[in-house]
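Working notes, structure below.
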Amino acid sequence: QVQLVESGGGLVQGGGSLRLSCAASGLRFSMYGLGWFRQAPGKEREFVAAVSRNGGTTYYSDSVKGRFTISRDNAKNTVYLQMNSLKPEDTTVYYCAADRSWIRARTADEYDYWGQGTQVTVSS
């Protein structure tokens, strides 16, 4: 059974930092591209960042580029999202996901497995 479990969310002041983690089990972790998405109530799931199987290629949305960094540790079956210079508009639930095909990394429908999400709240 595949499980993706996010952690590291919480409440932070604007300008602060958080580091999200997503621990995976039940899959050959190194064979999957990984992504972070976020979704506000009543809105579509939004792409945030993605990393290739070996960590050599990364993608970011324009809204987080230069502030967020995605990375992975295949030895620990974990993907991270370092979030700096946080803004109130970053407030929402963040999800990690795993994609076996790695064809369209920015597209949520391409991903095979999802975590349950972790709440990030940035105060102004």
Side-chain angles (χ1 to χ4, degrees):
Q1 180 183 0
V2 176
Q3 282 193 314
L4 301 176
V5 181
E6 300 98 336
S7 60
L11 173 64
V12 64
Q13 279 192 328
S17 298
L18 283 175
R19 188 196 197 200
L20 304 184
S21 299
C22 173
S25 60
L27 77 171
R28 292 186 65 185
F29 187 76
S30 62
M31 299 301 291
Y32 286 77
L34 301 165
W36 287 95
F37 291 77
R38 61 190 184 186
Q39 187 171 22
K43 295 189 176 182
E44 289 190 356
R45 198 158 287 191
E46 174 192 8
F47 171 75
V48 175
V51 61
S52 60
R53 298 179 181 91
N54 65 1
T57 301
T58 56
Y59 301 104
Y60 297 94
S61 68
D62 288 343
S63 61
V64 307
K65 194 175 296 182
R67 300 189 297 124
F68 291 10
T69 302
I70 188 170
S71 61
R72 64 188 295 165
D73 185 337
N74 285 349
K76 295 183 177 179
N77 284 8
T78 301
V79 60
Y80 305 97
L81 186 68
Q82 178 67 44
M83 305 187 295
N84 299 329
S85 302
L86 282 161
K87 305 175 182 179
E89 51 263 45
D90 294 318
T91 295
T92 190
V93 179
Y94 285 72
Y95 299 87
C96 69
D99 175 11
R100 181 67 178 86
S101 66
W102 196 242
I103 295 175
R104 292 184 295 172
R106 299 172 184 267
T107 304
D109 289 346
E110 293 289 306
Y111 285 74
D112 303 297
Y113 303 105
W114 291 85
Q116 83 288 348
T118 186
Q119 175 71 43
V120 171
T121 304
V122 184
S123 63
S124 56

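Residue numbers count from 1 along this sequence. All figures in this text were calculated on a predicted structure; none of them were measured in a lab.
Donor-acceptor pairing under 3.5 Å is lacking for the side chains of Ser71 and Asp73.
Contact between Val122 and Thr91 at its shortest, heavy atoms only, is N-OG1, 2.8 Å. When all heavy atoms are compared, the tightest approach of Tyr111 to Ala50 is OH-CB, 3.7 Å. Contact record, Arg28 with Tyr32: O-CD1, 3.2 Å, taken as the closest heavy-atom pair. Considering every non-hydrogen atom in both Gly33 and Arg72, the closest pair reads CA-NH1, 4.1 Å. When all heavy atoms are compared, the tightest approach of Ile70 to Thr58 is CG2-CG2, 3.8 Å. Scanning all heavy atoms of the two residues, the minimum distance from Ser124 to Pro88 falls at CB-CG, 3.8 Å.
Using a 4.5 Å cut-off on side-chain heavy atoms (C-beta onward), Thr118 and Val93 make no contact. In this structure the side chain of Glu46 reaches within 4.5 angstrom of the side chain of Ser63, judged on heavy atoms. With contacts defined as side-chain heavy-atom distances shorter than 4.5 Å, the pair Trp36/Val79 qualifies.
Note on Leu18: it does not cluster hydrophobically with Phe37, by side-chain heavy-atom contacts below 4.5 Å among ILVMFWY residues. Both Leu20 and Val64 belong to a common hydrophobic cluster when Ile, Leu, Val, Met, Phe, Trp and Tyr are linked at side-chain heavy-atom distances under 4.5 angstrom. The cluster map of Ile, Leu, Val, Met, Phe, Trp and Tyr, joined by side-chain heavy atoms under 4.5 Å apart, puts Val5 and Phe29 in different clusters. A continuous path of Ile, Leu, Val, Met, Phe, Trp and Tyr side chains, each step under 4.5 Å between heavy atoms, connects Val48 with Leu34, placing both in one hydrophobic cluster.
At distances below 3.5 Å, at least one donor-acceptor pair connects side-chain atoms of Glu6 with backbone N or O atoms of Gln116. With hydrogens and angles disregarded, a donor-acceptor distance shorter than 3.5 Å links the side chain of Thr92 to the backbone of Ala40. Side chain of Arg106 to backbone of Tyr60: a donor-acceptor contact under 3.5 angstrom is found. Put simply, the side chain of Arg53 gets close to the backbone of Arg100: a donor and an acceptor are under 3.5 Å apart.
With salt bridges taken as basic N to acidic carboxylate O contacts below 4.0 Å, none links Arg104 and Asp109. We find that Asp62 and Lys65 are joined by a salt bridge, their nearest charged nitrogen and carboxylate oxygen being less than 4.0 Å apart.
Atom CG of Asp90 and atom OG1 of Thr121 lie 11.0 Å apart (nearest 0.5 Å). To the nearest 0.5 Å, the span separating CE on Met31 from CH2 on Trp102 amounts to 14.0 Å. Rounded to the nearest 0.5 angstrom, Leu86 CG and Gln13 CD are separated by 11.5 Å. From Thr107, atom OG1 reaches atom CZ of Arg45 across 13.5 Å, with rounding to the nearest 0.5 Å.
The disulfide (SG to SG under 2.5 Å) pairs that include a residue from residues 74-124 are Cys22-Cys96, where partners are two or more places apart or lie in different chains.
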Evaluate Val120 against Met83 for side-chain contact (heavy atoms from CB on, under 4.5 Å), listing each step before the verdict.
CA-CA 10 Å; Val120 171; Met83 305 187 295; 3.8 Å; yes

What verdict does the side-chain contact (heavy atoms from CB on, under 4.5 Å) test give for Asn54 and Ser52, after you've listed the backbone C-alpha separation in whole Å, the side-chain angles of each residue and the deciding distance to 0.1 Å?
CA-CA 6 Å; Asn54 65 1; Ser52 60; 3.2 Å; yes

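Aromatic ring centres of Phe47 and Tyr59 lie farther apart than the 6.0 Å criterion allows.
Between Phe68 and Tyr94, the ring planes are tilted. Angles from 30° to 60° get that label.
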